[in-house]
Every structure is written in C-alpha cells, then in structure tokens.
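Since we're looking at a predicted model, the values are computed, not measured. Keep in mind that the numbers below use all heavy atoms, side chains included, and drop hydrogens, waters and symmetry copies. Every chain is numbered from 1 and lettered A, B, ... according to where its sequence line falls, protein lines coming before strand lines.
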There are 2 protein chains.
Amino acid sequence: MENLTRIALLQARAEASYQANLEKAVSMIREAAALGAKIVCTQELFTGYYFCQEENHDWFATAEDAREGPAAKALGPLARELGVVIISSIFERRMAGLYHNTAQIFDASGELLGLYRKMHIPDDPCYYEKFYFTPGDLGFRAWNTRHGKVGVLICWDQWYPEAARATALYGADVIFYPTAIGWHPKEKAQWGAAQHSAWETVQRGHSVANGCYVAAVNRIGHEVLPTMPGSDGIEFWGQSFVADPMGKVVASAAADEERVLLCDLDFTQVDSTRTHWPFLRDRRIDAYAGLLQRAALG
Amino acid sequence: MENLTRIALLQARAEASYQANLEKAVSMIREAAALGAKIVCTQELFTGYYFCQEENHDWFATAEDAREGPAAKALGPLARELGVVIISSIFERRMAGLYHNTAQIFDASGELLGLYRKMHIPDDPCYYEKFYFTPGDLGFRAWNTRHGKVGVLICWDQWYPEAARATALYGADVIFYPTAIGWHPKEKAQWGAAQHSAWETVQRGHSVANGCYVAAVNRIGHEVLPTMPGSDGIEFWGQSFVADPMGKVVASAAADEERVLLCDLDFTQVDSTRTHWPFLRDRRIDAYAGLLQRAALG
C-alpha cells in the first residue's frame with residue numbers, strides 16, 4: 001500500500017434518470033482515474049434525485065440489490081478495469097420491506113470488499129429518511145483496500161463523533177462521507193452560512209480528534225421532485241472538501257459546480273500527527289460507559 | 001434558573017507567587033461580577049506557573065487540598081458574597097503521593113458543589129503531566145448551579161469527543177475548559193497557526209455535535225520556569241473563546257491580553273438547536289461498544 005494516494009470526490013448534479021446518473025458517474029470515475037486518482041467516492045444516493053423530500057411508496061421501486069444490482073454490475077468491473085477503489089452510495093433493497101442507505105466498497109481488483117449501511121438515520125422536514133431506510137446493522141468498519149485503509153460513513157453520520165471514532169479505531173486513515181445536504185430555500189438567507197459552517201466544522205473536528213483524513217462528498221443542484229411540483233425543494237450546497245489530520249481543509253469545491261475534486265493524501269501524516277498529538281494513547285476506556293446510555297439523567 | 005446568563009472567562013498571565021495569582025483572580029472575579037457575570041471560570045492551574053514543563057519533585061509542595069486549601073477558603077466565600085458561580089482550576093493534593101489536576105465548582109451560595117478531576121492526562125515535551133497528576137476517578141459530570149447547568153473538563157480533555165459527549169449527556173448546557181496550552185517557541189513559525197486552528201476547531205466541533213455552548217479559558221504569557229533558566233519555555237496562546245451551540249465563535253480574546261472575557265449565553269438556544277438538529281435522538285447506543293475498546297484491531 002502506497003503512502004501517497006490521490007483521491008477523487010465526485011460532486012455532481014443529479015439527473016432525472018437512473019441511467020443518466022450511472023453514466024455520469026462512470027464518466028467522472030474514468031476522468032478521475034485518468035487524472036491519477038486511486039480512490040473515488042460518489043455523493044450519497046448518486047443514482048437519482050434525493051427522493052426523501054417526501055414519503056412516497058413509489059420511490060421504493062428505485063432501490064437495487066447491493067451485490068447484484070446495476071450499480072454493482074457496472075462499478076465492480078470498472079474498478080477492476082481502472083485499478084481504482086470505488087466507494088458508491090446507493091439505495092439498497094435487501095428484501096421485500098427491508099431497505100438501507102448503503103455504500104459499496106469495491107477494491108481495485110473489482111471485488112466488493114464490503115458494505116456500509118448508514119447507521120444514523122435522520123428524520124427532518126424534507127429529509128424523511130426513517131420512512132425509507134432501516135438503520136444499518138453492519139456497524140462501523142474500515143477496509144484495507146489496495147490503495148489505503150478506508151472508512152465510510154454517510155451524511156447524518158457526520159454529526160456523530162462516535163461514528164468517526166469507531167471507524168478510526170478500525171484503522172481508517174481516511175473516512176469518506178457520501179452526503180446529500182442542502183439548504184431549505186426559505187431558510188438559506190438567515191441560517192445558510194451557520195448551517196454550512198457547522199457541517200464543515202464538526203467534520204474537521206473528527207479529523208483532529210482522530211488524526212486522520214476526512215473527505216465529504218456532497219451533491220449540488222436545486223432539486224424539486226417531479227412528484228412535488230411547486231414545492232420549495234432543497235438547494236444542495238456542494239462544497240465537498242477534504243480535511244487533513246490536523247483539520248485543515250486541503251481541497252474544496254464550490255457550491256454550484258460539477259467537479260471531480262482531486263486531493264493527494266499522505267498517509268504518513270496520520271502516523272506523525274498521532275505520535276505528536278497522541279490522543280489515542282490516553283483514551284479513558286474505563287470511564288466511557290456513559291456513551292452507551294441514551295442519557296445519564298432522567 | 002434564568003435562560004440568559006452572562007459568563008466570564010479569566011484569561012491571565014501567571015505571576016511568580018501563589019498569593020499574587022490568587023489576588024489577581026479575586027480581583028478579576030470581582031470585576032466580572034460587577035459587569036454582570038454570573039458564572040466565572042479561571043484558566044487551568046491558575047495559582048502558579050505551568051510547572052509541568054519539567055519533572056521536579058519540588059512542585060508537589062505547591063499543591064493544596066481541594067476542600068480546605070487556600071483557594072477553597074478564598075473562593076467559596078467570594079462566590080457567596082458576589083452571588084456568582086466560580087469554577088477554579090487548581091493543583092490538588094489528595095493525600096501523600098496522590099495528586100490531581102482538579103476543578104472546583106462553587107455554587108453562587110458558596111457551597112462547593114463538586115470537583116472535576118482531569119480525566120485525560122497528557123505527557124508531551126514540556127507538558128509532563130503524567131508525572132504529577134493521577135488521572136481523575138470522578139468521571140464526567142455536570143452540575144445544576146444557580147445560574148446554569150455547567151460541565152467542566154480540563155485542557156487535554158478538549159481533544160476527546162467522548163469527554164464532551166459524556167458531559168453533555170449529564171445535561172450540561174455549557175462546558176468550561178480551563179486550559180494551559182501554548183506554542184513551543186521554536187515550533188511556532190512552522191506549526192503555530194495549524195496547532196491553534198486545530199485546538200479551536202475540535203472544540204467548536206464539540207459544541208456542534210452536542211448542541212451546547214463551549215467555553216475555553218486559556219492563559220497568556222511566555223513562561224520560562226525559574227527552575228529552568230535558559231530554557232525555551234512555553235508561549236501560552238491565550239485566545240480564550242466561547243462557541244455557541246452551532247459552533248460559531250461568539251466571544252474571543254487576543255493571544256497576549258489579560259482579559260475578563262464576557263459572553264451572554266442564551267440557554268434556550270441549546271433547546272432550539274437540539275430540536276432542529278436532533279442528534280441526540282438518533283444515537284446508536286446499541287452499536288457503540290467499540291468506543292470502550294482501545295482499538296478494534298490488533
């Protein structure tokens with residue numbers, strides 16, 4: 001495994017059709033590989049609009065099998081052809097009545113190394129994910145890919161220090177966060193800057209606390225679902241970024257551009273940061289039982 | 001308990017004598033109270049120089065009893081006289097051979113509500129704290145003071161999301177961090193900005209992840225210990241700050257000024273932030289067992 005690895009974050013605008021999104025992702029992955037990227041990650045649920053803006057049973061028909069569906073059939077062979085690790089975020093149909101928000105981790109050999117099923121599921125106006133997704137049952141993990149030790153978490157997970165820590169303790173040198181987050185258009189003027197800043201800050205905090213890289217891959221575009229004409233929709237705020245092990249933003253994209261965002265990671269920085277700031281050495285694992293409680297009071 | 005509470009962070013330069021530091025703290029607390037502050041917090045180990053720059057047995061003689069020592073005798077009555085909550089950080093002698101880095105929490109009645117003994121103890125060049133301080137055995141807590149629900153953590157704790165979360169789960173609306181952090185003079189040019197940014201960022205991240213206020217109280221001054229003439233010493237970087245429940249810095253001091261830093265906290269913001277971003281609702285306490293492990297591998 002090399003110490004210097006170029007990664008690519010695929011920040012895109014969603015198209016109406018599954019096929020168009022898959023073709024765009026394939027095209028962006030080819031571009032990323034041509035530019036030297038070795039690990040590529042899509043935005044969350046990259047195969048379609050962010051349908052969780054409503055609770056509509058029709059959307060379940062867009063889910064797919066994580067091992068045998070069209071994304072797996074396209075991206076596994078593509079990973080092998082290009083020799084790149086691909087992390088792709090899809091709507092998984094596990095069986096009738098059981099769906100997850102899932103990331104596939106394809107090694108550069110094309111093998112599906114594993115799945116990460118989103119553990120923390122939001123439910124907020126226009127983000128009705130609890131209607132669609134059963135919370136993940138595979139826990140937190142990291143994978144030794146050909147090009148790096150990679151952890152994967154998804155969107156709402158990014159607000160949880162527990163998720164980042166548990167992933168880091170599995171040896172992740174970089175944690176990818178496929179994401180779909182944006183502004184409610186009516187809130188943007190008053191709250192938009194503070195919301196975006198909080199989102200970036202908490203993830204930079206994860207990189208500091210864990211001495212590892214963090215890579216957040218968000219979508220762009222103002223999406224008004226075809227099933228909800230006249231609704232306000234969500235204005236996805238893009239601004240995908242990579243933070244280094246000291247929390248510095250070392251690559252970032254704009255709020256409104258489709259972008260293959262490249263960043264060179266130096267995994268020796270994980271080692272040197274953690275020896276200079278040895279937080280892992282001093283964790284009080286004897287005193288963290290309270291973290292397994294809902295609250296300490298009441 | 002009121003919803004609007006003015007707090008004061010006492011950012012000071014350490015003097016050579018215990019008595020001078022205690023008198024300065026008393027003076028700053030009086031000033032803070034006169035300016036309307038209801039909760040006041042000192043910097044870490046406010047009664048002296050940051051002696052952990054060396055391992056020298058003589059410094060043990062400067063420790064004191066947390067309940068009956070001179071700081072308790074001065075600050076308890078002062079809290080009662082002024083009607084303010086006082087959080088003071090001292091070098092505690094618990095018994096022969098047993099010392100802690102401890103914060104006292106005095107309610108506005110003058111009562112010593114409790115102690116927080118620093119749980120995470122660093123050991124780094126010029127920060128040889130493991131030589132002096134036994135890691136705390138009182139765990140993470142919060143206290144219902146007359147003027148707010150207050151959590152206290154100390155310096156090295158600020159790099160640990162576990163500590164902030166455990167404290168928040170006890171109901172803290174604001175977490176105070178008495179601190180003594182600075183630059184090695186020879187590292188400052190190359191690393192100083194990145195180190196300070198990481199320190200501020202990880203704590204702002206705690207405020208976002210927990211939807212509460214965070215208040216970091218650091219010292220200033222370039223301290224070369226009288227027992228180490230000719231050493232480089234540490235240049236403490238001040239820059240005490242308060243972050244609101246969305247991680248925004250709402251008050252901050254400079255790197256080189258003594259300052260009674262005031263900030264008005266609106267505890268209703270904790271409630272509204274947490275209902276709009278309900279992270280606590282969705283914690284996966286069934287899946288956090290890995291946090292109680294040293295690492296998941298090896």
Choice from A:Asp124, A:Asn210, A:Asp123, A:Leu280 maximising heavy atom contacts with chain B below 4.5 Å: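 Among the listed options, the one with the most contacts to chain B is A:Asp123.
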Out of A:Ala209, A:Gly247, A:Gly290, which one racks up the most heavy-atom pairs below 4.5 Å with chain B?
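That would be A:Ala209.
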* Asked: Any donor-acceptor pair under 3.5 Å linking the side chain of A:Arg284 with the backbone of B:Ala163?
  ->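 Flag not set: sc A:Arg284 to bb B:Ala163 has no pair under 3.5 Å.
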Keeping A:Arg283 on the side-chain end and B:Glu162 on the backbone end, is there a donor-acceptor pair under 3.5 Å?
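A pair under 3.5 Å: no.
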Q) Listed by residue number, which members of residues 151-158 of chain A have a heavy atom under 4.5 Å from any heavy atom of chain B? A)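 From residues 151-158 of chain A, the residues near chain B are A:Trp156.
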Sort by residue number and list every residue of residues 291-298 of chain A having at least one heavy atom under 4.5 Å from chain B.
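If one takes a 4.5 Å heavy-atom cut-off, the residues of residues 291-298 of chain A near chain B are A:Leu291, A:Leu292, A:Gln293, A:Arg294, A:Ala295, A:Ala296, A:Leu297.
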Against chain A, work out which of B:Lys130, B:Arg165, B:Lys248 has the most heavy-atom pairs shorter than 4.5 Å and name it.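 Heavy-atom pairs under 4.5 Å are most numerous for B:Arg165.
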key: 4.5 Å side-chain heavy-atom contact, B:Gln195 and A:Trp277   =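 Answer yes - side chains close enough.
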Report yes if the side chains of A:His120 and B:Phe279 come closer than 4.5 Å at any heavy-atom pair, otherwise no.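 No - every pair of side-chain heavy atoms lies 4.5 Å or more apart.
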key: Heavy-atom pair of closest approach, residues A:Ala198 and B:Met246   =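 The answer is CB-O, 3.4 Å.
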- Message: Show the nearest heavy-atom pair for residues B:Val202 and A:Gly205, with the distance to one decimal.
- Response: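 Here B:Val202 and A:Gly205 meet closest at CG2-O, 3.8 Å.
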Of the backbone (N, CA, C, O) and the side chain (C-beta and beyond), which part of [X] lies under 4.5 Å from a heavy atom of chain B, both, or neither?
| X | answer |
| --- | --- |
| A:Arg281 | both |
| A:His206 | neither |
| A:Asp286 | neither |

Look at atom NE2 of A:His276 and say whether more than 12 heavy atoms of other residues, nucleotides or ligands are closer to it than 6.0 Å.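 Open.
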message: Given heavy-atom pairs under 4.5 angstrom as the criterion, report whether the side chain, backbone, both or neither of B:Pro278 touches chain A.
response: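 Both parts, heavy atoms under 4.5 Å.
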Under 4.5 Å from any heavy atom of chain A, what part of B:Asp244 do you find: side chain, backbone, both or neither?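 Neither; nothing under 4.5 Å.
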- Query: Excluding sequence neighbours, so at least two apart, what forms ring-ring contact (aromatic ring centres under 6.0 Å, His included) with B:Tyr170?
  - Reply: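 Expected list: none.
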List in chain and number order the residues that pass salt bridge (charged side-chain N to carboxylate O under 4.0 Å, His left out) with B:Glu235, two or more places apart in sequence or in another chain; answer none if no residue qualifies.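 By the salt bridge (charged side-chain N to carboxylate O under 4.0 Å, His left out) rule, B:Glu235 matches B:Lys188.
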Picking from B:Arg204, B:Glu200, B:Gln203, what satisfies side-chain hydrogen bond (donor to acceptor under 3.5 Å, both in side chains) with A:Thr201?
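The passing option is B:Arg204.
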